[in-house]
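Have a look at the structure below before the remarks.
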There are 2 protein chains.
Amino acid sequence: MNRDSEVASLSLAGLIAASGPRYRTATEFVEATLRTAILSGSLGGGTPLRQEDLAEAFGVSRMPVREALRQLEAQALIDFVPHKGAVVTEISASDAADTYAIRLALEPAAFALSIPHLNGEDFTRAADLIAEMDAEPDPSRMGELNRRFHMSLYARAGRPRLLALVEGQLAAFDRYLRFHLAAKGREHMSQDDHRAMLDAARSGDTARAGAVLKSHIGTAAATIDRFFAER
Amino acid sequence: MNRDSEVASLSLAGLIAASGPRYRTATEFVEATLRTAILSGSLGGGTPLRQEDLAEAFGVSRMPVREALRQLEAQALIDFVPHKGAVVTEISASDAADTYAIRLALEPAAFALSIPHLNGEDFTRAADLIAEMDAEPDPSRMGELNRRFHMSLYARAGRPRLLALVEGQLAAFDRYLRFHLAAKGREHMSQDDHRAMLDAARSGDTARAGAVLKSHIGTAAATIDRFFAER
DNA sequence: TACATCAAGATTGGATCCAATCAACAGATG
DNA sequence: CATCTGTTGATTGGATCCAATCTTGATGTA
């Protein structure tokens with residue numbers, strides 16, 4: 001066993017032990033844990049993922065590991081290198097730009113479709129999530145809250161596949177959110193954006209909501225770009 | 001073996017025999033063949049797909065079948081019903097609307113990013129594909145040609161993940177293209193749209209190109225909607 | 001010393017086997 | 001006659017085993 005694999009196993013050990021929800025199948029367990037580890041940065045880009053090591057770390061056979069890796073490959077989180085094992089895909093300015101281009105295309109569409117059908121309960125939930133984010137000290141939980149906030153505003157779009165795509169892109173964005181938070185200290189800027197989005201949605205102003213959202217995503221993109229440029 | 005499964009096997013037999021390209025792995029072979037069968041309509045919505053039957057039909061074990069089904073589930077082409085087997089997802093007006101909403105969001109973005117970098121070779125290829133579509137008598141090949149035409153215009157967007165998403169949506173669209181072709185006879189309408197898209201791209205008119213593309217997608221959506229409404 | 005060749009190790013994809021779970025149906029019972 | 005229950009059959013998820021392929025390092029030679 002080489003050192004990289006040991007590192008991967010050690011990084012995973014905590015996550016595996018802390019596996020809160022109980023999964024229906026071992027494959028789900030492995031996939032969800034690996035995805036969390038990659039998106040949160042516990043498994044950094046370039047980390048090799050050998051099936052046998054992962055199977056041992058998870059206490060399962062190689063088969064659920066294999067299926068989980070396939071799923072992660074489909075989500076562009078890992079690359080398969082034939083006869084060398086899977087490796088966690090590297091993050092890069094260009095990959096981040098890709099994510100932002102997709103978000104910029106999809107999210108305003110989902111938002112516009114959703115706004116006319118949002119109700120009071122939705123607005124309350126979104127406001128609660130803003131408050132939660134203001135109070136949340138743990139940066140690693142920020143990704144989920146951010147994702148839930150955005151999704152709460154898109155939820156009434158009535159387009160399940162569109163929403164699934166958006167949610168996937170927001171999850172992919174988690175890999176970069178860490179840098180964003182690091183660069184912006186406590187990220188008050190985007191909380192202002194979030195409030196503006198909610199306000200616009202409340203008043204049913206679809207055009208303004210779209211403009212705010214695009215600017216929100218654009219600001220985040222610029223922050224990440226700057227981060228990559230500065231190294 | 002129940003009758004539905006026999007139908008599925010029979011539908012597949014031809015495709016399996018005609019498998020032109022040689023695949024690197026059995027999983028790829030099964031996945032590609034099943035996807036083609038579903039997208040082309042050979043396997044209609046609701047068809048149950050039992051792993052054992054498929055394994056027998058493909059001449060492989062259940063394992064590559066299982067992995068292929070997982071991939072297809074991730075692409076929303078099949079649903080897993082626990083302890084009942086997988087079934088091909090039903091197509092519906094609402095699902096079609098979902099596909100169109102996604103295309104309408106993603107494709108203009110890809111087009112706009114690509115247009116400034118398109119070169120003469122790209123335009124020639126696109127024009128060739130239009131000519132090919134004009135001459136193609138086989139409706140089942142139209143989907144691939146249509147997809148390649150669209151992708152040829154987006155190819156220079158420089159956003160690999162965005163393009164992968166777009167290509168996936170265009171492939172999903174194949175399931176509806178059959179109805180579109182049936183409704184429009186020889187579909188000269190959208191060939192006009194295709195020429196207009198190419199013209200706009202050639203002259204570098206990003207705004208007009210986007211407008212034409214949106215109208216193109218909107219027209220197709222309306223045709224499909226009408227088709228579903230009429231039954 | 002550089003390079004070609006070959007053997008051993010590692011890694012994956014696939015096959016077969018086993019256990020757990022659930023659906024469906026027959027039969028009993030109120 | 002409706003309903004509940006127990007049993008059987010079907011189906012999947014997971015484990016273990018095997019074969020094929022590639023990488024890598026050692027070794028011999030020009």
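Values below: all heavy atoms of this structure, side chains included; hydrogens, waters and symmetry mates excluded. From a predicted model like this one, the values you see are computed outputs, not experimental measurements. Numbers restart at 1 for each chain; the letters A, B, ... are given by sequence-line order, proteins then strands.
- Across the protein-nucleic acid pair, B/Asp79 atom CG and D/dT11 atom C1' stand 17 Å apart, rounded to whole Å.
- When each of C/dG14, D/dT11, D/dG13 is scored by its nearest atom to the side-chain atoms of B/Arg50, the top-ranked nucleotide is D/dT11.
- In this structure, the CG atom of B/Leu54 is 14 Å from the P atom of C/dA15, given to the nearest Å.
- One finds a side-chain N or O of B/Thr27 lying less than 4.0 angstrom from the OP1 or OP2 phosphate oxygen of C/dG14.
- When the P atom of D/dG14 is taken as reference, atom CD of A/Glu28 falls 9 Å away, rounded to whole Å.
- In this entry the distance linking NZ of B/Lys84 with C1' of C/dC25 reads 14 Å, nearest Å.
- Taking the six-membered ring where the residue is Trp, B/Phe149 and B/His194 present tilted rings, their angle falling between 30° and 60°.
- Counting only distance, with no hydrogens or angles, the side chain of B/Thr89 and the backbone of B/Leu77 share a donor-acceptor pair below 3.5 Å.
- Checked against side chain to side chain donor-acceptor pair (under 3.5 Å), B/Asp122 has the following partners two or more places apart in sequence or in another chain: B/Arg125, B/Arg156.
- Rounded to a whole Å, the CZ atom of A/Phe29 is 12 Å from the P atom of D/dG14.
- At least one donor-acceptor pair closer than 3.5 Å links the side chain of A/Thr33 to the backbone N or O of A/Phe29.
- The backbone N or O of B/Leu39 lies less than 3.5 Å from no partner atom in the side chain of B/Asp174, so there is not a single donor-acceptor pair.
- The phosphate of D/dG13 has OP1 or OP2 within less than 4.0 Å of a side-chain N or O from B/Gln51.
- Residues passing the side chain to side chain donor-acceptor pair (under 3.5 Å) test with B/Tyr176 are B/Asp95, sequence neighbours excluded.
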Just the table, please: protein N/O against nucleotides 16-21 of chain C N/O, every pair under 3.5 Å.
residue	atom	partner	partner atom	Å
C/dT21	O2	B/His83	ND1	3.3

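- Judged purely by atom type and a 3.5 angstrom limit, A/Glu136 uses its side chain to pair as donor or acceptor with the backbone of A/Asp138.
- Rounded to whole angstrom, the span from the CG atom of A/Leu69 across to the P atom of C/dT12 amounts to 8 Å.
- Whole-Å rounding puts the A/Glu52 CD to C/dA10 C1' distance at 10 Å.
- Distance from the side chain of B/Pro64 is smallest for C/dG14 among the nucleotides D/dG13, C/dG14, D/dA15.
- Using a 4.0 Å heavy-atom criterion, one finds that B/Glu67 contacts no nucleic acid atom at all.
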